[in-house]
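Side chains included, hydrogens not; waters and symmetry mates left out as well; all remaining heavy atoms used. Chain letters run A, B, ... following the sequence lines, proteins first and then strands; every chain starts at 1.
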Protein chains: 2
Amino acid sequence: MSDAQNTQENPRRARGRPRGWDDKTEQKTIKSLDRAMEIFEYLSADQGKTLSQLASELSQSPATVYRVLITLEARGLVEFDPEEQRWYVGARAFVIGARFLRRTSLVDRARPILRALMERTGETANLGIEKGGMVLFLNQVETHESIRAFFPPGTLSDMHASGIGKALLAFMDKDRFGRWLKGRSLETFTAHTLVAPDALVQELRRTRARGYAIDAEEKNLGMRCIAAPVFDMYGEAVAGISVSGPATRMGRDVTERISRSVVDAARDLTRAVGGSNRHDVDGQE
Amino acid sequence: MSDAQNTQENPRRARGRPRGWDDKTEQKTIKSLDRAMEIFEYLSADQGKTLSQLASELSQSPATVYRVLITLEARGLVEFDPEEQRWYVGARAFVIGARFLRRTSLVDRARPILRALMERTGETANLGIEKGGMVLFLNQVETHESIRAFFPPGTLSDMHASGIGKALLAFMDKDRFGRWLKGRSLETFTAHTLVAPDALVQELRRTRARGYAIDAEEKNLGMRCIAAPVFDMYGEAVAGISVSGPATRMGRDVTERISRSVVDAARDLTRAVGGSNRHDVDGQE
DNA sequence: TTGCATTTTTCATATTGCGAAATACATTTT
DNA sequence: AAAATGTATTTCGCAATATGAAAAATGCAA
């Protein structure tokens, strides 16, 4: 549903784009590889399937799926449990995927800040970015409490029902926000989820005004979250820092205190990545 | 040397293995897919390369590499920076890879490795982590011998007088080690216990140099133990594997042999949990 | 033992992935 | 400006090889 795959975007590269570049969706990609990756992704989304399950659910030949799997297995990208005859994501995939984080120093720079934020607030601290219209959680530092919020890194979450998501949306320019909203149906998770665009827009206005976002049980009942945006050098909100925990410990009485810590942390990270907060100076909108 | 990838191990699956299964290394995997994954892995190991760099370094045709990359790009597994004309690991790879963690725990992954280690060495194999400045034993596979070391899971033990503890301390960064040591009095258990901080630090230096720790009757008289660290994705030593037994069977003459098995096992487990050993490359300190 | 379900291999065939070379840009050099 | 350079991207024809159907092999249950 999301627009993560911008496959048919035309102006792909800067250089070397000969003629035939207008209408018909050319098939330049490798078909077999794409099919293999489809199997890989499908397997990862719901691990522990058997070969025949995968083959039938993807309506592909068992022979093909089998060959794909053993090829990936040879590289450790998937794993096979001989006892149960089931297939899983392999350790190698984790290692490779984790290298995504190396591309920017965002996570490295965020870690001490997240840790300090967790110590100060006592609740789990999270770091996330926007990816394909969703929030992608990159990292977290967990609280010591036994009851804790848990967003394992790598989780994708809807923006409109997430603290970090709303913090990012609130500081997005009108155009991008419009494109994000367009043709998107806001899924309902709890009774508190903001599904009416008007309500969401209004809440985002408030969010920008106060400088941080609140997720009050909008995704999971009993869970609250306070988030603030992190800006890059162009003043664009590119990441968000949040603190999340059970509503019982994160009530209105502590919102003031926690939000201050979160906003401070986000500001620290903005500074650490060389960003600047243009919203401090020009009050756009 | 280690047998983590049992790719060409013959008895692969339980079911359905027809005849031709003896000598020549059959090519059952998909060649093109394997090549594509090689490109993917290579890219991930050293991101920010251009197409032509990748092609020449992998000695493959630029056309092929190009097609692989745009196919993976369409799925978000790799990303392209049009400004710099460089390729990177994509967010989707992170999402998929992170699902590896959803499956099993350290203990589950350690079990077969501990068992193999016990079989190979004939002595009890243990798994432990650091918890609150102590070593917490999570699991063990006991030897068949009647005289055996015994650490029931759940046991807490002082780090400075434990093989696993010393393996963990040896690979801890200076700051954390300093905090650990500060204001801690090293209890004496036997005449061999290292209670002088200087002696301990020196021993840890040796430990890191050789890659494994030795507990020579430092906790219990008559008991020796050889341990090696297990690393997580950040290259931090988060667990340790050890082999322990009576000094009579674990003398200096077998230290060489056993330590090799222990180090191999620890490396296997590191790989199995998606960790990386940064100490293999940069010799810190 | 006999089925049954599933994995794994074989095999013939057409699909399609492949590399060389050509082409198209962008950037730098002359 | 024009040429040279370095890179990305496409075309094209052919051979490599991925593919699916079906057969074979296996484990499990009755």
To the nearest angstrom, how far is [X] atom [atom1] from [N] atom [atom2]?
X	N	atom1	atom2	result
A/Leu69	D/dT19	CG	P	12 Å
B/Trp87	D/dT7	CH2	P	15 Å
A/Glu83	D/dG27	CD	C1'	12 Å
A/Asp34	D/dT19	CG	P	12 Å
B/Lys28	C/dT10	NZ	P	9 Å
B/Glu84	C/dA26	CD	C1'	13 Å
B/Tyr66	C/dA20	OH	P	18 Å

Subject >> Sorted by number, the residues of residues 44-60 of chain A with heavy-atom contact under 4.0 Å to DNA chain D >> reply: none
Original post:
Considering residues at least two apart in sequence or located in another chain, which fulfil the side chain to side chain donor-acceptor pair (under 3.5 Å) criterion with A/Ser61?
Top reply: none
Subject >> Closest heavy-atom pair and its distance - B/Val273, B/Arg109 >> reply: CG1-CD, 4.0 Å
Subject >> Closest approach of A/Thr270 to A/Ser276 (non-hydrogen atoms, all atoms of both residues) >> reply: CG2-N, 3.9 Å
Original post:
Passes ring-ring contact (aromatic ring centres under 6.0 Å, His included), A/Phe100 versus B/Tyr88? Steps please.
Top reply: CA-CA 7 Å; A/Phe100 166 75; B/Tyr88 300 89; 9.8 Å; no
**OP:** Quickly, which of B/Gln140, B/Met118, B/His144 forms a side chain to side chain contact (heavy atoms under 4.5 Å, CB included) with B/Thr124? Name it, please.
**Re:** B/Gln140
Subject >> Close side-chain approach of A/Leu114 and A/Asn126, heavy atoms under 4.5 Å >> reply: no
Original post:
Would B/Glu41 and A/Arg99 pass as an ion pair if we require N to O under 4.0 Å?
Top reply: no
Original post:
How about B/Arg257: does its CZ atom have over 12 heavy atoms from other parts shown lying under 6.0 Å from it?
Top reply: yes
Identify each atom pair where a protein N or O and an N or O of nucleotides 16-18 of chain D are less than 3.5 Å apart, giving names and distance.
| from | atom 1 | to | atom 2 | distance (Å) |
| --- | --- | --- | --- | --- |
| D/dT17 | OP2 | B/Lys31 | NZ | 3.4 |
| D/dA18 | OP1 | B/Ser32 | N | 3.1 |
| D/dA18 | OP2 | B/Lys31 | N | 3.1 |

Subject >> Distance, nearest 0.5 Å, that separates CG of B/Leu106 from CG of B/Asn139 >> reply: 9.5 Å
Subject >> Residue mapping more 5' on DNA chain C - nearest nucleotide basis, A/Ala63 or B/Ala63 >> reply: A/Ala63
